[in-house]
Amino acid sequence: DESAEDTADVLVADLPCSGLGVLRKKTDIRYKMSRGQQEELEALQRRILDTVCSYVKKDGIMVYSTCTINPGENQENVAWFLGKHPEFELLDMEQIYPGTQVGSEMCIRDRIKTYLIATRKENGKEEIMQQEKTDIKSMNLEELKSYMESIGEKPFRAKQLYQWMHEKQAASFDEMTNLSKSLQEKLKNECRFVSLEQEAVQISKIDGTRKYLFALDDGNVIESVLMRYKHGNSVCISSQVGCRMGCRFCASTLDGLVRGLTPSEMLDQIYRITRDTGERVANVVVMGTGEPMDNFDNLLKFIELLTDENGLNISQRNVTVSTCGIVPKMRELADKKLQITLALSLHASSQEKRLELMPVANKYEIHEVIEACRYYFEQTGRRVTFEYSLVGGVNDTDEDVRRLADLIHGMNCHVNLIPVNPIKERSYVQPDHEAILNFKNRLEKNAINVTIRREMGRDIDGACGQLRKRYISHAER
């Protein structure tokens with residue numbers, strides 16, 4: 001109804017749900033839907049959102065809600081909507097789990113109810129124009145040469161510009177002293193130059209770990225961590241603003257997903273840290289906030305630029321990418337035959353326990369994920385790392401050791417035990433030191449290569465997402 005466009009102060013879109021939740025049943029039970037049926041429903045949900053959002057006034061509010069047992073399903077629609085409609089700004093997103101107190105009532109349903117509240121910004125058109133500017137720092141050298149020619153510049157300017165961005169790590173066009181003022185102004189007008197602003201840095205008194213909070217040009221904030229080891233400096237970067245995977249022990253997923261990061265935003269975390277410390281980065285781990293496989297194309301471009309001999313030229317073997325187990329993308333990454341390390345956030349020895357900790361297990365069964373890891377080794381020859389967060393009384397028993405050993409038996413792999421970092425929003429606690437050593441020793445007796453991750457930055461909001469969460473909560477007060 002075109003007459004209804006731009007008329008609603010508040011619009012509520014309560015979408016049909018997928019049936020992936022079963023009323024009054026365990027949350028690991030779900031209706032059987034074919035992939036075709038799921039795709040049809042997703043298309044219907046998105047058509048509804050695409051249509052009704054036009055009814056919202058400037059500065060009006062749209063509330064989108066639906067329910068499922070799989071938070072990732074709802075967050076896929078949220079990410080899609082915010083990506084397609086940048087004129088809307090996320091105000092709040094809440095997922096209400098079974099047994100959660102809501103006001104004076106208890107949510108007793110066995111489904112997760114998701115509420116998204118977004119506002120249509122008055123300056124939406126201007127922001128869209130800014131987003132549509134060319135992101136030159138996300139271009140490889142050949143793409144940059146083509147772009148410079150398209151704006152009437154000589155191809156050799158691309159090499160100069162690329163060196164300034166990726167070798168010298170310039171923070172602005174003004175620093176590029178061998179470019180003419182006229183070219184600098186042209187680039188300012190036509191290009192988006194990503195240069196993160198350092199909002200905060202925490203420095204551990206224990207081990208010198210530095211936890212950074214960077215502001216993006218759209219007002220969002222992300223975290224990065226510099227860790228110093230004998231073999232060189234490692235930087236852990238974020239791949240998304242927030243995360244939609246819903247892992248129970250992780251602070252970065254508490255507020256859901258806002259958007260994926262561009263290749264330039266991933267790169268610039270490393271560049272800003274290098275400039276701040278004056279120290280070279282030897283290793284990069286994509287293990288911060290976000291699920292890298294959920295931002296797959298930008299991840300691949302980031303790796304290409306990071307390992308390019310014309311840039312930082314970091315070896316692929318010094319790059320680690322973590323995933324919670326998005327099987328199709330794991331297999332697609334394997335087919336690229338890159339020499340990076342794949343780290344699976346496993347965190348459980350059985351499908352039942354993984355369902356308790358990681359909602360992604362509703363979609364990808366644990367043995368399916370392990371087979372994808374085997375496939376990665378077959379295609380690349382690279383040993384897979386299994387990240388296993390030890391949670392006291394949850395996944396640290398002798399039975400967990402036995403099942404884990406059986407699960408990964410015969411694989412060329414390495415298990416990295418991670419004593420869970422306590423966060424105030426969750427009740428999980430670390431096992432005691434004796435229990436951690438016992439878990440390690442019993443795995444080693446099964447001929448499995450095991451290490452216990454050295455705890456870094458314990459005194460500075462060390463867990464993924466903690467600093468960002470505290471910053472956002474303070475800003476909302």
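The OH atom of Tyr375 lies 6.5 Å from the CZ atom of Arg331; values are rounded to the nearest 0.5 Å. Separation of atoms CD (Gln379) and CE (Met330) is listed at 13.0 Å; rounding is to 0.5 Å. The structure places CD of Glu387 at 4.0 Å from CD1 of Ile418, a figure rounded to the nearest 0.5 Å. From Ile366, atom CD1 reaches atom CG of Leu355 across 9.0 Å, with rounding to the nearest 0.5 Å. For the atom pair CG (Leu226) and OG1 (Thr209), the distance works out to 7.5 Å, reported to the nearest 0.5 Å. A distance of 6.0 Å separates CG of Leu261 from CG of Leu216, quoted to the nearest 0.5 Å.
Between Leu179 and Gln184, the shortest heavy-atom distance links the atoms O-NE2, 3.1 Å. Summarising the geometry of Leu312 relative to Ile270, their closest heavy-atom pair is CD1-CG2, 3.9 Å, with the distance given to 0.1 Å. Minimum heavy-atom separation, Val321 to Pro292: CG1-CB, 3.8 Å. Scanning all heavy atoms of the two residues, the minimum distance from Leu300 to Leu338 falls at CD2-CD1, 4.3 Å. Of all heavy-atom pairs spanning Met139 and Thr134, the tightest one is CE-CG2, 3.1 Å. Contact record, Pro359 with Gly246: CD-O, 3.3 Å, taken as the closest heavy-atom pair.
In this model, no donor atom of one side chain and acceptor atom of the other lie less than 3.5 Å apart for Lys133 and Asn189. For the 3.5 Å distance criterion, the side chains of Gln240 and Asn295 fail to qualify, holding no donor opposite an acceptor. Looking only at atom types and distance, the side chain of Glu291 has no donor-acceptor partner in the side chain of Ser239 under 3.5 Å away. With hydrogens and angles left out, the side-chain atoms of Asn140 and Tyr162 include no donor and acceptor closer than 3.5 Å. With no hydrogens or angles considered, a side-chain donor-acceptor pair links Arg210 and Tyr212 at under 3.5 Å. Defined by atom type and a distance below 3.5 Å, a donor-acceptor pair is present between the side-chain atoms of Arg157 and Gln160.
At least one donor-acceptor pair closer than 3.5 Å links the side chain of Ser238 to the backbone N or O of Thr289. Between the side chain of Arg275 and the main chain of Gln169, a donor-acceptor pair closer than 3.5 Å is present.
Glu332 and Lys337 are not joined by a salt bridge, as no carboxylate oxygen comes within less than 4.0 angstrom of a charged side-chain nitrogen. Note on Glu143 versus Lys301: salt bridge recorded, some NZ/NE/NH1/NH2 to OD/OE distance being below 4.0 Å. A salt bridge between Arg259 and Glu265 is present, with a side-chain N of the basic residue lying under 4.0 Å from a carboxylate O of the acidic one.
Checking each of Asp268, Asp276, Thr274 against Arg272 for a side chain to side chain donor-acceptor pair (under 3.5 Å) leaves exactly one that passes, namely Asp268.
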- prompt: Which is it for Glu167 and Lys159 under the salt bridge (Lys or Arg N to Asp or Glu O under 4.0 Å) test, yes or no, and what are the steps along the way?
  reply: CA-CA 11 Å; Glu167 285 186 27; Lys159 180 72 172 179; 5.3 Å; no
task: Please report the C-alpha distance between Lys353 and Glu356 in whole Å, then the side-chain angles of each, then the deciding distance to 0.1 Å, and finally whether the salt bridge (Lys or Arg N to Asp or Glu O under 4.0 Å) criterion is met.
output: CA-CA 5 Å; Lys353 285 202 173 184; Glu356 293 177 12; over 6 Å; no
query: Given His347 and Met358, is the side chain to side chain contact (heavy atoms under 4.5 Å, CB included) satisfied, shown in steps?
result: CA-CA 8 Å; His347 307 312; Met358 305 178 71; 3.8 Å; yes
task: Run the numbers on Lys188 and Asp174 for salt bridge (Lys or Arg N to Asp or Glu O under 4.0 Å), then give the verdict.
output: CA-CA 9 Å; Lys188 288 177 187 178; Asp174 294 327; 2.6 Å; yes
Name each donor-acceptor pair under 3.5 Å that joins a side chain in residues 147-154 to protein atoms two or more places apart or in another chain, with its distance.
from	atom 1	to	atom 2	distance (Å)
Ser150	OG	Tyr147	O	2.5
Glu153	OE2	Lys186	NZ	2.9

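By the 6.0 Å contact criterion, CD on Gln339 is enclosed, its count of non-hydrogen atoms from other residues, nucleotides or ligands being greater than 12.
Below 30°, between 30° and 60°, or above 60°: for Phe193 and Phe173 the angle between ring planes is between 30° and 60°, a tilted geometry.
The side-chain contact (heavy atoms from CB on, under 4.5 Å) search around Ser264 returns Asp135, Lys137, Ser138, Val194, Thr262, not counting sequence neighbours.
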